[in-house]
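Structure first, then comments.
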Amino acid sequence: SARDEFTGKASIYLDANENPYDNGLNRYPDPYQFELKAKIADIKNVKVQQIIIGNGSDEIIDLLYRAFCEPQVDEVISLSPTYGMYKVYANINNVEIKDCWLNSSFEIVEEDLLGMINEKTKMIWFCSPNNPTGNSLNPESIKKVLQNFKGLVIVDEAYIYFSDSESWVNYLDFYPNLFVMQTLSKAWGLAGLRLGMGFASPQIIALLNKIKPPYNINLLSQQTALEQLEFLDQKNSQVDTILQQRDWLSHELKQLKKVHEVYPTDANFVLVKMDNATDIYNKMVEKSIILRNRSTVKLCLDCIRITIGTPEENKELLRNLAELLN
Ligand SMILES: *Cc1c(COP(=O)(O)O)cnc(C)c1O
């Protein structure tokens, strides 16, 4: 792009066929989002060269397939059941994705995973805490894969702020094949902004920068993200409330007669197994309360995923569920 050939400050810009009359948006945005990355680098304690920003994590998932996988040749593995977008973008990019199923406690079966890796395997997707199950994956298993697999090991930490686990961002300098993803969509409360972050070695980031759309993060998003990242205390206090509510709701749900299991969770949602989940889901829709029906997902039979809302919303949720499940 034009803004790629000249970087820095000048007095007159006549290089990009922009309208010269200032309205706040007449100039193309910084293709590498340096100001925003400097702020993120500061918060995450990484170098600017170790960060890529995407139009949501989704864009980064897509870029990883395009950078590292040859369509119809290479393969990737995901620890399933997990976030649907790894498969969506595998399919869009015509790359085969294999499920390595978690066990019934949603933990990694190391022998299965190590046994599935072959010379075509280019990436392995770990989501920790995992969506939709809520639990964190065993860091020892991830470590073993980082040490024994030569391809890219991706750890999606979308829900890291709701967990006590240490972020893998702190280990980027130890593992050249580690790629960590986070997002502003969950704890930061900015799902509408569409801003995902990838952290990896400067070499991997440089590669992704070559294939990303030049102006993937628009000026308003860059400015708004910079403003919103100032509200660290507000984010932390909202996370605290959500965690208290999560514990309260999990406890209350366990008391309902037709609830069979409330799975342990390190995220801002809880997976619940119950009698006739689809029926319950539909009845809740009639009451104008929308949950996520996961009951057709393997290992999640008769499960509904419930996001933690405000205290008032959670009380209302519980009152309605108690009518159906007692
Ligand atoms: C919600 C979520 C994301 C966020 O995706 P964005 O595109 O950044 O909104 C990423 N990974 C997982 C596992 C999620 O559940």
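Along the sequence shown, residues carry numbers from 1.
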request  = Treat each ILVMFWY residue as a node, draw an edge where side-chain heavy atoms are under 4.5 Å apart, and state whether L146 and V76 are in one component.
outcome  = no
Transitive ILVMFWY side-chain link L79 to W101, under 4.5 Å = yes
inquiry  = Taking OH in Y171 as the centre, count heavy atoms belonging to other residues, nucleotides or ligands within less than 6.0 Å. Is the count above 12?
reply    = no
Transitive ILVMFWY side-chain link V297 to V272, under 4.5 Å = no
task = Check whether the side chains of E59 and N216 place a donor and an acceptor atom closer than 3.5 Å, and report yes or no.
result = yes
query = Is Q245 reaching over with its side chain to a backbone N or O of G309, donor-acceptor style, under 3.5 angstrom?
reply = no
query = Between F162 and F269, is the ring centre distance below 6.0 Å?
reply = no
task = Would you mind telling me which of I154, V155, V153 makes a side-chain contact (heavy atoms from CB on, under 4.5 Å) with W168?
result = V155
query = Is the count of non-hydrogen atoms from other residues, nucleotides or ligands lying under 6.0 Å from K120 atom NZ greater than 12?
reply = no
Residues Y263, K273; criterion side chain to side chain contact (heavy atoms under 4.5 Å, CB included); working and verdict = CA-CA 8 Å; Y263 290 97; K273 195 188 262 306; 3.3 Å; yes
query = CD1 of I53 to CG of L208: how many Å apart, nearest 0.5 Å?
reply = 13.0 Å
key: Qualifying ring-ring contact (aromatic ring centres under 6.0 Å, His included) pairs, either residue in residues 189-230, two or more places apart   = Y28-Y215
ask   = Salt bridge check: are R319 and E323 linked by an N-O gap of less than 4.0 Å?
value = yes
query = In terms of hydrophobic clusters joined by side-chain contacts under 4.5 Å, are M197 and V169 together?
reply = yes
key: Distance-only donor-acceptor check, side chains R246 and N314, under 3.5 Å   = no
request  = Start with the C-alpha distance between Q182 and K44, add both sets of side-chain angles, then the distance that settles side-chain hydrogen bond (donor to acceptor under 3.5 Å, both in side chains), and finish with yes or no.
outcome  = CA-CA 11 Å; Q182 294 188 4; K44 298 290 168 187; 2.6 Å; yes
inquiry  = With a 6.0 Å cut-off (strictly less than), is the heavy-atom count around CZ of F174, excluding the residue itself, greater than 12?
reply    = no
key: N138 side-chain N/O to E140 backbone N/O, donor-acceptor pair under 3.5 Å   = yes
remark   = Paired with Y65, the ring-ring contact (aromatic ring centres under 6.0 Å, His included) test is passed by just one of Y86, W125, Y89, namely W125
task = Decide side chain to side chain contact (heavy atoms under 4.5 Å, CB included) for D275 and H260; before the verdict, give the C-alpha distance in whole Å, the side-chain angles of both, and the deciding distance to 0.1 Å.
result = CA-CA 7 Å; D275 272 1; H260 302 309; 2.6 Å; yes
Distance, nearest 0.5 Å, that separates CG of L243 from CG of D247 = 7.0 Å
query = So, E166 and N170: side-chain donor and acceptor under 3.5 Å apart, yes or no?
reply = yes
key: Within residues 79-90 or reaching into it, pairs that qualify as salt bridge (charged side-chain N to carboxylate O under 4.0 Å, His left out) - sequence neighbours excluded   = K87-D99
ask   = Taking atom NZ of K150 as the centre, does the number of heavy atoms from other residues, nucleotides or ligands within less than 6.0 Å exceed 12?
value = no
message = Please enumerate all residues that pass side-chain contact (heavy atoms from CB on, under 4.5 Å) together with E35, with sequence neighbours excluded.
response = L226
inquiry  = As an exercise, state the distance from CG of D74 to CG of N94, rounded to the nearest 0.5 Å.
reply    = 11.5 Å
inquiry  = Any side-chain to backbone donor/acceptor pair from S80 onto T82? Under 3.5 Å, distance only.
reply    = no
ask   = What pairs of residues pass the side chain to side chain donor-acceptor pair (under 3.5 Å) test when at least one of them lies in residues 11-22, not counting sequence neighbours?
value = R3-D15, R3-E18, E18-R27
message = Through direct or indirect side-chain contacts below 4.5 angstrom among Ile, Leu, Val, Met, Phe, Trp and Tyr, which residues connect to F231?
response = none
key: Rounded distance (nearest 0.5 Å) linking atom CZ of R294 with atom CG of D302   = 13.5 Å
ask   = Just checking, any donor-acceptor pair under 3.5 angstrom between side chains of S128 and N130?
value = no
Inter- and intrachain pairs under ring-ring contact (aromatic ring centres under 6.0 Å, His included), touching residues 301-326, at least two apart = none
Parallel, tilted or perpendicular: ring planes of Y161 versus W188, cut at 30 and 60 degrees = perpendicular
ask   = Do the side chains of L178 and I60 join up, straight or via other hydrophobic residues, at under 4.5 Å, putting them in one cluster?
value = no
task = Report yes if some heavy atom in the side chain of L190 is under 4.5 Å from a heavy atom in the side chain of L195; otherwise report no.
result = no
key: Y32 six-ring centre to K212 NZ/CZ under 6.0 Å and within 45° of normal   = yes
ask   = Above 12 or not: heavy atoms from other molecules or residues under 6.0 Å from CG of N45?
value = no
request  = Check the pair Q50 / D173 against side-chain hydrogen bond (donor to acceptor under 3.5 Å, both in side chains), numbers first and verdict last.
outcome  = CA-CA 10 Å; Q50 291 176 303; D173 294 338; 3.3 Å; yes
request  = Dump the intermediate steps for side chain to side chain contact (heavy atoms under 4.5 Å, CB included) on R305 and L291, then the final yes or no.
outcome  = CA-CA 6 Å; R305 191 192 71 194; L291 307 174; over 6 Å; no
ask   = Just by distance, do the side chain of E157 and the backbone of P129 share a donor-acceptor pair under 3.5 Å?
value = no
message = Could you measure the distance from the CG atom of D279 to the CE atom of M284? Nearest 0.5 Å is fine.
response = 12.0 Å
inquiry  = Between K122 and E75, is the side chain to side chain contact (heavy atoms under 4.5 Å, CB included) condition met? List the steps.
reply    = CA-CA 6 Å; K122 293 297 166 74; E75 301 175 358; over 6 Å; no
ask   = How many angstroms lie between atom CG of L325 and atom CE of M274, to the nearest 0.5 angstrom?
value = 5.5 Å
message = Can you confirm whether the side chains of S163 and S165 place a donor and an acceptor under 3.5 Å from each other?
response = yes
message = Would the distance check show the side chain of N135 and the main-chain N or O of F106 forming a donor-acceptor pair, the cut-off being under 3.5 Å?
response = yes
